[in-house]
Amino acid sequence: MRGTDYVLKRIAFAIVTVFVAVSINFVLFRLAPGTAVSNLSRVPHATQQLRHALEKQFGLDKSKGEQYVIFLKQLVHGNLGISYENEQPVATNLRIELINTLPMVTLGTVFSILIGTLTGVIAAWRRGTPTEAVTVSSALGFYSMPTHWLGLMLIIIFAGTLPTGGMTNEFLLNPGFWQHLKDLGSHVLLPSLTLGLVLYGEYTLIVRSAMLETLGEDYILTARAKGLKPWTIIRKHALRNAMLPITTLVALSLGYVVAGAILIETVFSWPGIGRAVYEAVLQRDYPMLQGAFLLLTISVVVCNLIADLLYFKLDPRITT
Amino acid sequence: MSEASLMIEAPPEGVSSRRGFVLHTLRHRPAAVIGATILVLVGLGAVLAPWIAPYALHEQVGPVFGHPSWSHPLGLDDGGIDMVTLLMWGARVSLVVGFAATFVSMAIGGAVGVISGYFGGATDTILMRITDYFLVVPDVPLMIVVAAIWGPSLFHIIIVIGILLWTSTARVIRAQVKSVRERVYVKRARALGAGHTRIVLRHVLPQVAPLLIANTVLTVAVAIFDETALSFLGLGDPSRTSLGKVIENAFERAAISSGAWWAIVPPGALVALIILGCSLVGGSLEDALNPRLRVAHLSARTFRLRPLVGRGKEAL
């Protein structure tokens, strides 16, 4: 049963990776300058006793090994600590922010897939013509732009016509459902368009090469000889077989996209997980930073696993 | 880098040497020539900045956000500094970060790749598991965390970017070393009593060097991109004006709401140009040196910037 072996190996690797990430997370933040105690006991006339009391309270008098075990135990219970900034549990903060990030990121991914597939198909179909050169080079051009800079360019272009920051219009009191949805839609447009534009180049090139591969197959020649319309050939014969790399790419992309949303959410003041990272950096809010980093790593690992399994399901020849 | 070699005349038809093949391929790749031209022009501007920049770096030469004019073709920034001057110096810092970080990652990646591929066995397994971990971990968040903990400085940024970008190099080099190791002349050298160091330095490294160069160019692009991102998040070196810093500065000082597009459009466009140039040159070099990569389902490898697939797919 090589197939089962492969699946088990992938899952085991994902679990080990998460464990390593957790451990690195622990070590990394213990290297940060200062401890909670050195910050809190900075008050004037702080006595040695206060120091000890605080150390005991935060468990810093225990050995690093014991601290690590406690850290793991708390993590299993879903306790990521308390944010320095708003004194709420980090897990609660992260949940709210993740819920805010997902619609923006999903719409952005949809944009990139639509634009990418369309331009990729055009580039492959019009191979060797100026059309191909234009589509491919504009895809590369967008791909090379710094994410936040492209966001700023969109703000310059669309300022006045579309809202350029935040998630909802705060002056809209008690909006109806449709009104709220419309408001949300207009706010989400620019951030997700930015995401779509910087990401679509990758899809373009991959769809193009996958299409070129399938367009060279004999059954395409047969379809042409039958006199089918070009669009039918593309849709029914070529694109369908070129979907394999695209499917896995989508699964893979989601994990990185959440991580990459940091720049976009900062530019557009989108109250999601990326902005939480940015604010945590500014405020030196280590518990938040630690929690967010862990969440991002786990999401990437999980998406990678999904992509691997998906690829295996779609193309069982792969058993490495 | 190989800008110079790109300009050399292509060899006559039928030349079968590796060098001849590379030059021939490059001549038939307008993308590589365009990329190299961009890099040479930007590089010249950056290197010669102290001599050819129209004004001194921190010299206030006009009003805040002064409009573009004949004496200041790209206008002035929020401190009344000439944008052209700022861009030249900014490109200088960005390129230094790019190359220095790449050097760090090449050293790590090259060493890991050569050791892993050459010795094989348990060493290989352990090193590759570590590489796998670094391939999966999202690098921009990790960079942010490390940079936030260490504090902002150019040196830290170079080290942080360097220690996170070595994975693709390690993989490429490992694969290449594995195949070189089995070649007859390497086996012969070993039979003649050559030590590991000698075999690696004299026989293996020269074989993988061209690929290492192609990889370098691609990594420079990622390093410059990452530096721009870190600067924008306020983690850049406050005392050095990189291109990322110029963008951040203009954004922070409300260049957009002041209508001063000239303070924010050119620095980002320049970063995009540099990255485009690196991608074009690096991609073409890689194609030329390793034609196997041109196979469609493997063609995802040049994506390093926003590694949707570069990392994950290489593992397949």
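Model, not experiment: these values are computed from the prediction. A note on names: the letters A, B, ... follow the listed sequences, proteins ahead of strands, and every chain is numbered from 1.
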Self-check item: Side-chain heavy-atom pair Leu280(B), Leu140(A) within 4.5 angstrom cut-off
Solution: yes

Quiz item: Are Leu263(A) and Leu233(B) side-chain neighbours, meaning at least one heavy-atom pair lies under 4.5 Å?
Solution: yes

Practice problem: Decide yes or no for Phe251(B) and Leu152(A): does some side-chain heavy atom of the first lie under 4.5 Å from some side-chain heavy atom of the second? | Solution: yes

Practice problem: List for me each residue that meets ring-ring contact (aromatic ring centres under 6.0 Å, His included) alongside Trp166(B), sequence neighbours excluded, and say none if there are none. | Solution: Phe134(B)

Exercise. Report the distance from atom OG of Ser144(A) to atom CD1 of Ile274(B), rounding to the nearest 0.5 Å.
Key: 11.0 Å

Self-check item: Where Trp149(A) and Val265(B) come nearest, the two heavy atoms and their spacing
Solution: CZ2-O, 3.0 Å

Self-check item: Heavy-atom proximity to chain A below 4.5 Å, by part of Ala147(B)
Solution: neither

Practice problem: Check whether any side-chain heavy atom of Leu276(B) sits under 4.5 Å from a side-chain heavy atom of Tyr143(A), and report yes or no. | Solution: no

Quiz item: Between Ile298(A), Val16(A), Ile24(A), Leu150(A), which shows the greatest number of heavy-atom pairs under 4.5 Å with chain B?
Solution: Ile24(A)

Self-check item: Contacting region of Val301(A) [heavy-atom separation from chain B under 4.5 Å]
Solution: both

Practice problem: Any pair with a residue in residues 252-274 of chain B that passes ring pair (Phe, Tyr, Trp, His ring centres under 6.0 Å), sequence neighbours left out, goes on the list, sorted by first then second residue, please. | Solution: His67(B)-Trp262(B)

Quiz item: By a 4.5 Å heavy-atom criterion (distance strictly below it), what part of Ile155(A) contacts chain B: side chain, backbone, both, or neither?
Solution: side chain

Quiz item: Should we count CZ of Arg240(B) as having more than 12 external heavy atoms under 6.0 Å?
Solution: no

Self-check item: Distance-minimising heavy-atom pair for Gly268(B) and Pro146(A)
Solution: O-CD, 3.9 Å

Quiz item: How many angstroms lie between atom CZ of Phe232(B) and atom OH of Tyr278(A), to the nearest 0.5 angstrom?
Solution: 6.5 Å

Quiz item: Side chain, backbone, both or neither: which part of Ile224(B) has a non-hydrogen atom closer than 4.5 Å to chain A?
Solution: neither

Quiz item: At what distance, to the nearest 0.5 angstrom, does CD1 of Ile264(B) lie from NE2 of His148(A)?
Solution: 8.5 Å

